[in-house]
**Student:** 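Here's a structure for you.
Remember, it's 1-based here, ligands and their atoms both numbered in the order they're listed.
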Amino acid sequence: MVFDALASGYDLGMLPLEVAVLRRMRRRAFPQVAGRVLEVGVGTGVNLPLYPSGATVVAIDLSAPMLRRARCRPARARVRAVQADIHHLPFRDGAFEVVTGSLVFCSVAEPERALGEVYRVLRPGGRLLLLEHTRGRGPGAWLTDRLHPLWLAWNGVCHLNRETARVVRQAGFRLRREESRILGIFRLIEGEK
Ligand SMILES: C[S@@+](CC[C@H](N)C(=O)[O-])C[C@H]1O[C@@H](n2cnc3c(N)ncnc32)[C@H](O)[C@@H]1O
């Protein structure tokens, strides 16, 4: 898997984006969640220190090297890291009160199927909270459409112009909030089952 090879340099490579935009968006989103939480595509675990102490977080990722790093993150919440594929989540229907994820649906192979699984494991009324980069708006749409083929050819996995909020709605979620930064490219997407 592509992310196995990226794990060791991932945090350093992401640092400029974290400082420019992501860190602030993460801090707006993830400290607010509580209860039984599933984080999908946890990667090196950047969000784990942000969850409050009352939360119980199951964090999944397909990449074992990414998960090894996530397991070393300090956290106030109770965290269990599990290797799993988002397309086949090993949890019962309605097992979680909240599902979170960041920068995941740009790189999963089948976002529709993955969001269907997320919908299944959320309890009715449960919250979905995503921080994603997506197809931009206005000039941002032009930019992400132009850059997408080159970017995908270079890294082999990450799509720059996915319409993730639309796929969230198609999976059955009610869209509760959508905030965007930098030409609509970075978005906080909140849905409810
Ligand atoms: C761009 S990284 C984002 C990591 C982290 N969430 C963050 O915000 O920095 C995408 C993560 O999604 C994981 N991923 C990709 N496809 C997956 C799948 N089918 N099932 C579970 N995790 C997957 C990758 O292994 C990687 O760790």
**Student:** Just to confirm my output: which protein heavy-atom neighbour is closest to atom 14 (N) of ligand 1, and how far is it?
**Tutor:** Met1 CE, 3.8 Å
**Student:** For Arg26, state whether at least one heavy atom is located under 4.0 Å from any atom of ligand 1.
**Tutor:** yes
**Student:** Please work out whether any backbone atom (N, CA, C, O) or any side-chain heavy atom from C-beta onward of Ala109 is under 4.0 Å from ligand 1, and answer side chain, backbone, both or neither.
**Tutor:** neither
**Student:** Output yes when the distance from some N or O of ligand 1 to some N or O of Glu39 is under 3.5 Å, and no in every other case.
**Tutor:** no
**Student:** Would you mind finding which of Ala7, Ser107, Ala64, Gly41 brings a heavy atom closest to atom 4 (C) of ligand 1?
**Tutor:** Gly41
**Student:** Among Val104, Asp61, Ile86, Leu48, which one has a heavy atom closest to atom 25 (O) of ligand 1?
**Tutor:** Asp61
**Student:** Consider only side-chain N and O atoms of Arg181 and His133, and report whether a donor and an acceptor are under 3.5 Å apart.
**Tutor:** no
**Student:** May I ask you to check if ligand 1 and Thr44 share an N or O to N or O distance below 3.5 Å?
**Tutor:** no
**Student:** Which residue owns the protein heavy atom closest to atom 3 (C) of ligand 1, what's the atom, and how far is it?
**Tutor:** Tyr10 OH, 3.3 Å
**Student:** Nearest non-hydrogen atom to atom 5 (C) of ligand 1 belongs to which of Leu103, Val42, Val46?
**Tutor:** Val42
**Student:** Test of understanding: given a 4.0 Å heavy-atom threshold, classify the contact between Gln83 and ligand 1 as side chain, backbone, both, or neither.
**Tutor:** neither
**Student:** Please confirm whether the backbone N or O of Gly136 pairs with a side-chain atom of Thr144, one donor and one acceptor, at under 3.5 Å?
**Tutor:** yes
**Student:** So, the side chain of Glu132 versus the backbone of Val104: is there a donor-acceptor pair under 3.5 Å, distance only?
**Tutor:** yes
**Student:** Do Lys193 and Tyr119 form a cation-pi contact, if we require the NZ or CZ to be under 6.0 Å from the six-membered ring centre and within 45 degrees of the ring's axis?
**Tutor:** yes
